[in-house]
Colleague: 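I'd like to ask you about the structure that follows.
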Number of protein chains: 2
Amino acid sequence: MTIQQPRTRIQKKNRWTILDAALDVFSDNGFRGATLDQIAASAGLSKPNVLYYFSSKEAIYTALLSGLLETWLDPLRAIDPEGDAVDEILAYVRRKLDMSREFPRESRLFANEIVQGAPHIIDQIEGPLKDLVDGTCALLRRWMNSGDLAPFDPYHLIFSIWATTQHYADFNVQVAGILQTDQDTQFGTAADFLDEFYRRALTPVSG
Amino acid sequence: MTIQQPRTRIQKKNRWTILDAALDVFSDNGFRGATLDQIAASAGLSKPNVLYYFSSKEAIYTALLSGLLETWLDPLRAIDPEGDAVDEILAYVRRKLDMSREFPRESRLFANEIVQGAPHIIDQIEGPLKDLVDGTCALLRRWMNSGDLAPFDPYHLIFSIWATTQHYADFNVQVAGILQTDQDTQFGTAADFLDEFYRRALTPVSG
DNA sequence: CGTGTTCCTGACCGTTTGGTCAATAATTTC
DNA sequence: GAAATTATTGACCAAACGGTCAGGAACACG
C-alpha cells in the first residue's frame, strides 16, 4: 500500500525529499536513464522506503511533472491584457529567463520529456497548454491589429520566446562551454540581449 | 575483434544500417535509455552481430556523434564574410531550419546529449565549436561596427538562432500539439516567421 | 572445387534494474 | 505504557541489460 495524500509530518517531509532528489536525477538522465537506486541514494533513503511513499518509479515521475506543469505556465498567465503590449511581452521574456536561471532542473526535466516525445504529458500539451496558448495568441493578434505590436505569427513568436529563454537552462553546458564565463554573467548578458532583441523586433513603427 | 574501418561491401552496408537504426533509437531515448536489443531489432540484425561491427553500445554512440558533428556545423561555416550581412544571417537561419526539418533525429540526438550534460562531446564544444563560434562572432562584430548589421551581442545572437531553429526539431511534439497542423505547414510558417523576425531585428537603421 | 576468411547466431554470463515482502523499528494514540 | 498505526529495512526475485564465446554458415578466391 502506498501513500496517496500526505497526512503525517513524516510523510510530508519524505515525499518532498524524494521529489526533490528525483528532480535532480530525472533532469540529469531522463526517465529511462534514471534509476530508483540513484533517487534513493540522493534522497538519503533506502529503495524500499522510497517505494513506500511512491508506488513506482513512474509514479514519482508523473507526480513531479504534474506538480510542476502548473508553475511552469504561470509566467504566460501573468501577461496583462490591459498593459502595454511591448512591455508585457518583454516582461514575459524576462520572467521566462528568470525561471531558466532559478529552476534549471525543472526546465531540463521538461526538455528531456518533450525531446523524447512527451509520452507522459502529451494530453496536457494538446489540452490545457494549447488552450492557454490559443488565448494568449488571440490577445497578441489584438495588439498587432491595434498597432501596439509589430505583426508576426503569434504562435511562432511564443515558440521563439520559449526556445530562446529555455535554451539557457537546457543547453547550459553548451552556452557555458562557448562563453567561458560564470553563470551570473551568462544570464546577465542574455537578459540584456533578449530585451534589446525583442524590443527592436516587436516595437511597431510609430505613428 | 571488431571492425575498425569498413573494407568489404557487407561491412559498409551493415555498419551503415546499424548507425541508422542507432540514430532512431538514441534520438528517441537518449544514450542510457537506448538498448542494444532495440538497436539490433531496428537494424534487423542479431545483438551479437551488432557487436561484431561495433565493440560496444558506447562505440556506436560515439561513432554517430563524431560522424555527425561535422555536418552539423557546416551551415555556420557557410556564412560568407564577403556577402551582405543581413542576407547572410537570414540564409544561415534558413539553413539551420532546413536541417531541423530534414534531420530531426540528428538534432534530437544532440539535444539529448547536451541536455544531459554533453558527457561525450564536451571537449569538442569547448574546443573546435568554441573556436568556430568565436570566429563567426568576430565577423558579426565587424558587420555591426561597419553599420551593416544592428548591434547585438553576437554570441547570444547565435544562441538565439540555434534555439529558435532547433526548437522545431527537438520540441516538435509540443509544436505539433499546439499548432495542430501538418509538418509542412509548421515548417513553412516557421520559415516565414523567422525570416521576418530576424530581418526586422537585424536590419540596421538606414543612413 | 577446396580452403581460408568473413559473417552470423544460440546459448550463456554477470550485473543492474524495478519491485516485493516479511520482519522490525519508531511513532502516535488512548 | 500498552496497543495500534506508521515508517524502515535486508533479503530477495524476475526481467532486462551489456557483453562473450564457441561454432556454424556464407562468401571470396585460388
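None of these values were measured; they are calculated from a predicted model. Below, read A as the first sequence line, B as the second, and so on, with proteins coming before strands; counting in each chain starts at 1.
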Colleague: Scan residues 36-47 of chain A for pairs that pass side chain to side chain donor-acceptor pair (under 3.5 Å), counting only residues two or more places apart or in two chains.
Modeller: A/T35-A/Q38
Colleague: Quick one: ring-ring contact (aromatic ring centres under 6.0 Å, His included) partners of B/Y168, sequence neighbours excluded?
Modeller: A/H156
Colleague: Quickly work out the B/N49 CG to C/dT6 P distance and round it to whole Å.
Modeller: 15 Å
Colleague: Among residues at least two apart in sequence or on other chains, which ones pass ring-ring contact (aromatic ring centres under 6.0 Å, His included) with A/F197?
Modeller: A/F193, B/F152, B/F197, B/Y198
Colleague: Is the distance from OP1 or OP2 of D/dT6 to the nearest side-chain N or O of A/N14 less than 4.0 Å?
Modeller: no
Colleague: Got a sec, which pairs hit salt bridge (charged side-chain N to carboxylate O under 4.0 Å, His left out) with one end in residues 160-172 of chain B, sequence neighbours left out?
Modeller: none
Colleague: Is the closest basic N to carboxylate O distance between B/D28 and A/R32 below 4.0 Å?
Modeller: no
Colleague: Send over the distance from A/K13 NZ to C/dA26 P, rounded to a whole Å.
Modeller: 14 Å
Colleague: Kindly give the heavy-atom pair with the smallest separation between A/G177 and B/K130, and that separation in Å.
Modeller: O-CD, 3.6 Å
Colleague: Anything under 3.5 Å between a protein N or O and an N or O of nucleotides 24-28 of chain D, put it in a table, one pair a line.
Modeller:
residue : atom : partner : partner atom : Å
D/dA28  : OP1  : B/R9    : NH2          : 2.9

Colleague: Which residues pass the ring-ring contact (aromatic ring centres under 6.0 Å, His included) test with B/F26, not counting sequence neighbours?
Modeller: B/F31, B/Y61
Colleague: Could you state the atom-to-atom distance from CD of A/Q11 to C1' of C/dT28 in whole Å?
Modeller: 12 Å
Colleague: For DNA chain D, find the residues of residues 38-46 of chain B with a heavy-atom distance under 4.0 Å and give them by number; none if there aren't any.
Modeller: none
Colleague: If the cut-off is 4.0 Å, is A/Y52 near the phosphate of D/dA7, judged by side-chain N/O to OP1 or OP2?
Modeller: yes
Colleague: The criterion is side chain to side chain contact (heavy atoms under 4.5 Å, CB included); which residues satisfy it with A/T185, sequence neighbours excluded?
Modeller: A/T181, A/D182, A/T189
Colleague: Only distances under 3.5 Å count here; give the side-chain donor-acceptor pairs of residues 82-90 of chain B to other protein atoms, sequence neighbours excluded, each with its distance to 0.1 Å.
Modeller:
residue : atom : partner : partner atom : Å
B/D84   : OD2  : B/V86   : N            : 3.4
B/D84   : OD2  : B/D87   : N            : 3.0
B/E88   : OE1  : B/D80   : N            : 2.8

Colleague: Just the atom pairs and distances: protein N or O near nucleotides 18-20 of chain D's N or O, under 3.5 Å.
Modeller:
residue : atom : partner : partner atom : Å
D/dG18  : OP1  : B/A34   : O            : 3.2
D/dG18  : OP1  : B/K57   : NZ           : 3.0
D/dG18  : OP2  : B/L36   : N            : 2.8
D/dG18  : N7   : B/K47   : NZ           : 3.0
D/dG19  : OP2  : B/K57   : N            : 2.8

Colleague: Which pairs pass salt bridge (charged side-chain N to carboxylate O under 4.0 Å, His left out) with one or both residues in residues 184-196 of chain B, sequence neighbours excluded?
Modeller: B/D195-B/R199
Colleague: According to the ring pair (Phe, Tyr, Trp, His ring centres under 6.0 Å) rule, which pairs have a member within residues 85-116 of chain B, sequence neighbours left out?
Modeller: B/W72-B/F110
